[in-house]
Amino acid sequence: MRERGQADVVIANNVLAHVENLHEFVAGIGALLKPGGSARIEVHYLKSLIDGLQFDTIYHEHLCYFSAGAIARLLTFHDLHIHDIERIPAQGGSLRLTASRGQVECTELDRLTAGERRCGLTQSNYHDEFAVRVGRLIDELKNLVAGLKADGSRIAAYGAAAKGTMLLNACGFGTDVIDYVVDANPHKQGRLVPGVHLPVMPVNTISESSPDFMLLLPWNLKEEILAQQAQYREAGGKFIVPIPMPEII
């Protein structure tokens with residue numbers, strides 16, 4: 001800032017969840033902005049996470065999750081006020097907002113925070129029930145996979161994403177259940193998924209070994225991956241989409 005001065009726009013997409021000291025970070029955003037400047041921020045939306053049973057996105061590098069009300073209060077503490085906010089599909093459901101100095105009316109923020117209060121998001125029971133529902137989801141997925149294995153099906157997994165590591169470990173899917181995981185990133189290939197020690201292979205391993213089912217770990221990219229794997233599906237291969245509820249496609 002000493003060299004280039006203050007900014008008209010500060011962009012912080014999917015970074016607040018990784019910040020240890022939120023108040024220092026948001027104060028820094030305010031310090032960077034010129035008078036009249038705006039901050040453009042995206043965060044994974046807590047309501048989408050809970051309603052969609054996205055438990056696999058809860059892991060060590062994510063230190064916090066935001067409701068509309070929570071991020072509004074955080075910003076207001078540093079004299080930054082939301083004047084535009086919307087829900088977007090990224091990451092399974094996110095909030096995209098614009099904030100600047102000076103209080104303004106934001107109808108959509110009011111609508112979102114009223115909805116959060118109405119559904120009980122601000123109460124502990126809402127979060128306790130989330131834990132119960134996640135337990136049911138894990139049991140259902142384990143039973144589905146166990147049934148497929150009992151029928152002699154071969155199962156692999158697609159996408160060595162962080163969320164996939166969480167799901168595989170939560171379900172206890174090791175090499176006795178899943179043959180391997182494929183991933184397009186060459187830096188992941190030849191390594192093992194932490195905890196369950198599944199080997200990570202190139203994506204072309206699918207066509208070479210033709211597993212009966214692929215467990216789709218980055219479920220938020222479902223449409224993109226299904227389109228990419230049209231040939232596998234046309235040959236009879238099927239995908240298991242685990243979240244929000246297990247289904248075979």
Side-chain angles (χ1 to χ4, degrees), residues 14-22 42-74 85 87-95 111-149 155 157-174 176-178 181 193-198 213 215-222 239-249:
N14 300 303
V15 296
L16 288 185
H18 302 260
V19 174
E20 185 172 353
N21 193 320
L22 281 169
E42 288 184 16
V43 293
H44 194 178
Y45 188 27
L46 178 62
K47 189 174 189 301
S48 295
L49 185 155
I50 293 177
D51 291 350
L53 293 177
Q54 300 168 12
F55 74 95
D56 55 343
T57 64
I58 301 173
Y59 46 87
H60 68 286
E61 65 186 63
H62 290 164
L63 305 180
C64 54
Y65 301 86
F66 290 95
S67 64
I71 195 165
R73 285 192 294 273
L74 171 64
I85 188 169
R87 296 183 68 168
I88 59 174
Q91 314 300 326
S94 298
L95 294 174
R111 188 187 71 80
L112 284 171
T113 54
E116 290 169 0
R117 292 191 297 271
R118 189 164 54 249
C119 75
L121 182 65
T122 57
Q123 304 298 317
S124 61
N125 288 347
Y126 190 85
H127 302 266
D128 293 339
E129 179 61 22
F130 170 62
V132 174
R133 291 166 58 225
V134 167
R136 293 183 190 136
L137 166 60
I138 291 173
D139 288 343
E140 185 170 338
L141 180 58
K142 290 170 68 175
N143 290 336
L144 171 63
V145 170
L148 296 175
K149 291 294 289 184
I155 305 173
Y158 194 107
K163 59 164 54 74
T165 298
M166 301 307 297
L167 186 141
L168 291 169
N169 278 275
C171 294
F173 290 160
D176 57 328
V177 178
I178 307 293
V181 180
V193 177
V196 290
H197 301 154
L198 295 173
F213 294 90
L215 176 60
L216 184 59
L217 300 177
W219 46 263
N220 56 308
L221 302 176
K222 178 179 72 173
F239 277 87
I240 304 167
V241 182
I243 288 176
M245 289 304 290
E247 63 173 331
I248 295 176
I249 297 178

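What you see below is based on every heavy atom in this structure, not just the backbone, and it leaves out hydrogens, waters and symmetry mates.
Side chains of R87 and L95 form a contact here, defined as non-hydrogen atoms less than 4.5 Å apart. Two residues are said to be in side-chain contact when any heavy atoms from C-beta on lie closer than 4.5 Å; N220 and Q54 fail this criterion.
Nearest heavy-atom pair, L53 versus F130, reported as atom, atom and distance to 0.1 Å: CA-CE1, 3.9 Å. Between Q91 and H44, the closest heavy-atom pair is O-NE2, 3.2 Å. Scanning all heavy atoms of the two residues, the minimum distance from K47 to Y126 falls at CG-OH, 3.9 Å. For I178 against A157, the heavy-atom pair with the smallest separation is CG2-N, 3.8 Å. A68 and E116 get closest at one heavy-atom pair: N-OE2, 2.7 Å. Minimum heavy-atom separation, D56 to L217: OD2-O, 4.3 Å.
Residue K222 holds its NZ atom at 11.5 Å from CZ of F239, rounded to the nearest 0.5 Å. The distance from the CG atom of L46 to the OG atom of S67 is 6.0 Å, given to the nearest 0.5 Å. Atom OG1 of T113 and atom CD1 of I85 lie 9.0 Å apart (nearest 0.5 Å).
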Exercise for the section: Could you please spell out the steps behind the ring-ring contact (aromatic ring centres under 6.0 Å, His included) verdict for Y59 and H62? Expected result: CA-CA 6 Å; Y59 46 87; H62 290 164; 4.4 Å; yes

Practice task
Show your reasoning for whether side chain to side chain contact (heavy atoms under 4.5 Å, CB included) applies to L16 and I71.
Solution key: CA-CA 10 Å; L16 288 185; I71 195 165; 3.9 Å; yes

Practice task
Go through the steps to decide whether H127 and L121 satisfy the test side chain to side chain contact (heavy atoms under 4.5 Å, CB included), and finish with yes or no.
Solution key: CA-CA 7 Å; H127 302 266; L121 182 65; 4.1 Å; yes

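Between the side chain of H18 and the backbone N or O of L63 there is no donor-acceptor pair closer than 3.5 Å.
The environment of CD in E61 is crowded: more than 12 heavy-atom neighbours from other residues, nucleotides or ligands sit within 6.0 Å.
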Solution key, residues 132-148 side-chain donor-acceptor pairs under 3.5 Å, sequence neighbours excluded:
unit_1	atom_1	unit_2	atom_2	d
R133	NH1	I50	O	3.3
R133	NH2	D51	O	3.2
N143	ND2	D139	O	3.2

Please tabulate, one pair per line, all N/O donor-acceptor pairs under 3.5 Å involving side-chain atoms of residues 164-173, not counting sequence neighbours.
unit_1	atom_1	unit_2	atom_2	d
N169	ND2	T165	O	2.8
N169	ND2	P194	O	3.0

